[in-house]
Structures are given as structure tokens and as C-alpha cells.
S.K.: 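Below: one structure in C-alpha cells.
Position 1 is the first residue of the sequence; numbering continues from there. All values below come from the heavy atoms of this structure, side chains included, with hydrogens, waters and symmetry mates left out.
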Amino acid sequence: MDNKQSFTSGQPGQPTAQPGQPLTAAFSQPITSPRGADMSQPMQPVQPAQPMPEAQKNPITGVPMIMQAAAAIPEPKKDYKPLIRTIAIIALSLISVTFIGLFIWMYTQYDDARTNVDGQINVAVTKAIDENTMKLENEFAEREKYPFQTFAGPEDYGGLTFEYPKTWSVYVAADASHGGDFEAYLNPVEVYEVGDTTIDALRVKVLNTAFDDVAAMYQRDLEGDQPTLRLESVVIGQNNDIPANKYIGIIPGTEFDGYIIVFKIRDKTAILQTDSKLFEADYNTLLASVRFNA
């Protein structure tokens, strides 16, 4: 066999090797690996495998320890129980403080009301005791007035008589034994010094003056822009048969607010006067017992 004979691929149209040149194979399609890799591109060098890390050994026994991947730590769930408990405690504390405050306020109101009621009861009891005591004293004073004493004026002046409480005292300032006017003063317990500033329960006068002249003396106090007296016509006496003038208001010449009764006894004039309306009850009783000799 001649070594110089050319060798062809046997495919028509394909170049043939020249003498003295190495024989190369020519392919019309790129060569691919069985797995489809493009063999026309230069191949990348294969990276050498990394050696396995040496297993850690137990420092005490020297036995290799099995390495395990670190377990993933789950994120802790939020616990709201302490917060809820705290809020509940605060709410209960506020409610407790509120109830305590309301209790204190209500107790204060109750105590004030009870104190007020107790005070009103004490005032009412005291008032009732005072009123009852005064009533008993008045009743005793009224009983002490009985039996009444009888006042008797001079016979020459008509023999004026009336009844007065036995607890009153009598002072005769002028007995008219030698003529003139008759004057007497009566007052509970004792008669004070007679004057325009002294209050007497009763002033008795029998004037040796005509009735019309005496009435004229009071007339000026009934008139004017500001009269100090007002006049009433009344009937007095034991038999309710004695006509009289009753003057009510400020006693002339004084500042006393009282009553004046003026009536005729024969040719004379009698005056029965009280300096204070405090004696009105006794005064009216006295007027109802008046008698005289016509």
C-alpha cells in the first residue's frame, strides 16, 4: 500500500488532504455532546471539588460531632395578657376610687342632713318647751289675778268702782278729799314713780271738769296732717250701758302707744287710761266691770 496515496473522506465535494500534510477530519455540522452541549465553544475548566470541612470533635471524648444546620428560631408571638391585665387593674382602681368618693360625698350629705334635722328638732323642742312654759306662766299669772280686787273712788265723785287683778298695786296720788281732781295709778306688783316717762297699767282720773271740755283737749290730736289719735264711740260698764269715747294711739304728752276711755260721771269726767297695749286684755276686763252712782 502506497503511503503517499491520498485519503479522502469519501464524500463528494470535500477537500482532500495534500501530500505531506496531516490528515484532518472536516465536518459540516458542529459536534455536540450527547446532552446537547455546544462542543464548538471552548470548554470551561472544571472547578475542583471543595474538600468537606473536617467534623468538629467533642473536646472531652474526641468523637466527631455530627454537624446540624442551625434550626430557624420562630419569631415569638406577642403576648397582650399583661397589658390587658394592667388596663383592667387601672379600670378597677378608678371605679373603686369613684365609688369611694361617692360614698364619702353621700355620707357627708347624710351627716349634714341628719345634723340639720337634729338641729331643727332641737329648735322645735326648745320652742315647744318655751311656749309651754310661757303658757303655764301666763295661766298661773291669770289664776293669781283671781279673785279680783275692787277699786272704789270717792263717793262725792260718783263712787266709781271696777275690778282689777289682785296682783296689781294701787297708788292714790290725789284723793280729792278737799276738792280738786282725783288721781290713782295701778300697776302689777308695784307702782313706779309717776311721770310722763313711766308706764302704768292703769291711770284713773276723775276730773272736776265737764265732759265736753275734756273731749276738746283731745280734739287737736285727732286733726292735722298727721293725727296721733283716732276716736271710737264705745259702750262699757257692768251693764254695758255707759257710753264713752275711746282714743287709740299715742298718749298726749308721751311716746306711749295705748288706750284712753273718757265718759261722764254726773257733772264730772272720768278717764281710764293704759300706757301700753300689753295690758289690753286686763284693760278690757276692767272696763267691763265699771260701775258708778248716777
Side-chain angles (χ1 to χ4, degrees), residues 141-177 179-191 194 198-219 221-222 229-254 256-294:
E142 288 296 323
R143 287 195 300 271
E144 284 296 300
K145 294 176 183 179
Y146 294 92
F148 286 108
Q149 300 285 355
T150 300
F151 177 87
E155 288 293 333
D156 295 343
Y157 283 63
L160 174 66
T161 62
F162 54 81
E163 294 181 349
Y164 66 92
K166 70 175 183 179
T167 55
W168 287 15
S169 297
V170 181
Y171 169 64
V172 178
D175 59 5
S177 57
D181 298 332
F182 174 83
E183 295 182 16
Y185 301 89
L186 293 81
N187 204 54
V189 184
E190 63 177 314
V191 178
V194 178
T198 304
I199 294 177
D200 290 304
L202 183 67
R203 298 182 185 224
V204 180
K205 293 181 180 180
V206 181
L207 304 180
N208 195 14
T209 306
F211 176 84
D212 292 340
D213 293 336
V214 174
M217 293 188 303
Y218 294 102
Q219 187 63 34
D221 296 306
L222 298 172
L229 288 177
R230 60 185 178 89
L231 174 63
E232 292 182 0
S233 295
V234 297
V235 179
I236 63 172
Q238 190 176 40
N239 297 321
N240 199 30
D241 57 354
I242 303 173
N245 287 352
K246 183 177 183 179
Y247 299 93
I248 304 169
I250 304 301
I251 306 299
T254 71
F256 305 144
D257 188 8
Y259 303 102
I260 304 170
I261 291 290
V262 180
F263 57 95
K264 292 175 61 174
I265 297 180
R266 299 178 183 175
D267 60 343
K268 297 175 176 50
T269 304
I271 300 175
L272 301 179
Q273 170 185 315
T274 179
D275 296 336
S276 175
K277 292 181 178 179
L278 294 174
F279 302 108
E280 183 177 6
D282 291 327
Y283 184 67
N284 290 333
T285 301
L286 183 148
L287 293 176
S289 64
V290 172
R291 292 176 301 167
F292 62 86
N293 299 322

S.K.: Can you find a pair of side-chain heavy atoms, one from L229 and one from P252, that are under 4.5 Å apart?
M.R.: yes
S.K.: I need the minimum non-hydrogen distance between F279 and P188, along with the two atoms involved.
M.R.: CE2-CG, 3.9 Å
S.K.: Quick check: closest heavy atoms across I265 and A270, and the distance to 0.1 Å?
M.R.: CD1-CB, 3.6 Å
S.K.: Search all heavy atoms of V235 against all heavy atoms of D241 and return the closest pair with its distance.
M.R.: CG1-N, 3.7 Å
S.K.: Can you find a heavy atom in the side chain of L160 that is under 4.5 Å from one in the side chain of F263?
M.R.: yes
S.K.: How far apart are the closest heavy atoms of N187 and V191, and which atoms are they?
M.R.: N-CG2, 3.9 Å
S.K.: Measure the spacing between CZ of R203 and CD1 of I260 and express it to the nearest 0.5 Å.
M.R.: 10.0 Å
S.K.: Do D275 side-chain atoms and D200 backbone N/O form a donor-acceptor pair below 3.5 Å?
M.R.: yes
S.K.: Check D282, V204, V170 against Y164 for a side-chain contact (heavy atoms from CB on, under 4.5 Å) and give me the one that passes.
M.R.: V170
S.K.: Once you round to the nearest 0.5 Å, how far does CD1 of I261 lie from CD of Q273?
M.R.: 11.0 Å
S.K.: Of the non-hydrogen atoms in A210 and T269, which two are nearest, and what is the gap between them?
M.R.: C-OG1, 3.2 Å
S.K.: Checking N293 against R266 for the side chain to side chain contact (heavy atoms under 4.5 Å, CB included) test, could you report, in this order, the C-alpha distance in whole Å, the side-chain angles of both residues, the deciding distance, and whether it holds?
M.R.: CA-CA 8 Å; N293 299 322; R266 299 178 183 175; 3.8 Å; yes
S.K.: Just how far is it from atom OH of Y185 to atom CG of L202, taken to the nearest 0.5 Å?
M.R.: 10.5 Å
S.K.: Find the distance between OG1 (T274) and CD (E280) and round it off to the nearest 0.5 Å.
M.R.: 9.0 Å
S.K.: Does S289 use its side chain to pair, donor to acceptor, with the backbone of E163 at less than 3.5 Å?
M.R.: yes
S.K.: Tell me whether T254 contacts the main-chain N or O of I250 through its side chain, where contact means a donor paired with an acceptor under 3.5 Å.
M.R.: no
S.K.: Take D181 and K205, measure what salt bridge (Lys or Arg N to Asp or Glu O under 4.0 Å) needs, and give me the verdict at the end.
M.R.: CA-CA 7 Å; D181 298 332; K205 293 181 180 180; over 6 Å; no
S.K.: Can you tell me if T161 uses its side chain to pair, donor with acceptor, with the backbone of A152 under 3.5 Å?
M.R.: no
S.K.: Can you measure from OG1 (T167) to CZ (F148) and round to the nearest 0.5 angstrom?
M.R.: 8.5 Å
S.K.: Aromatic contact between Y247 and Y218, with the criterion being ring centroids under 6.0 Å apart: yes or no?
M.R.: yes
S.K.: Under 3.5 Å, side chain of S233 to main-chain N/O of N245, donor-acceptor pair present?
M.R.: no
S.K.: Can a donor-acceptor pair be found, under 3.5 Å and without considering hydrogens, that links the side chain of Y283 to the backbone of L272?
M.R.: yes
S.K.: Identify the two heavy atoms, one from Y259 and one from K246, that lie closest to each other, and give their separation to 0.1 Å.
M.R.: CD2-CE, 3.7 Å
S.K.: Give, for atom CE of M217 and atom CD1 of I271, the distance between the pair rounded to the nearest 0.5 Å.
M.R.: 5.5 Å
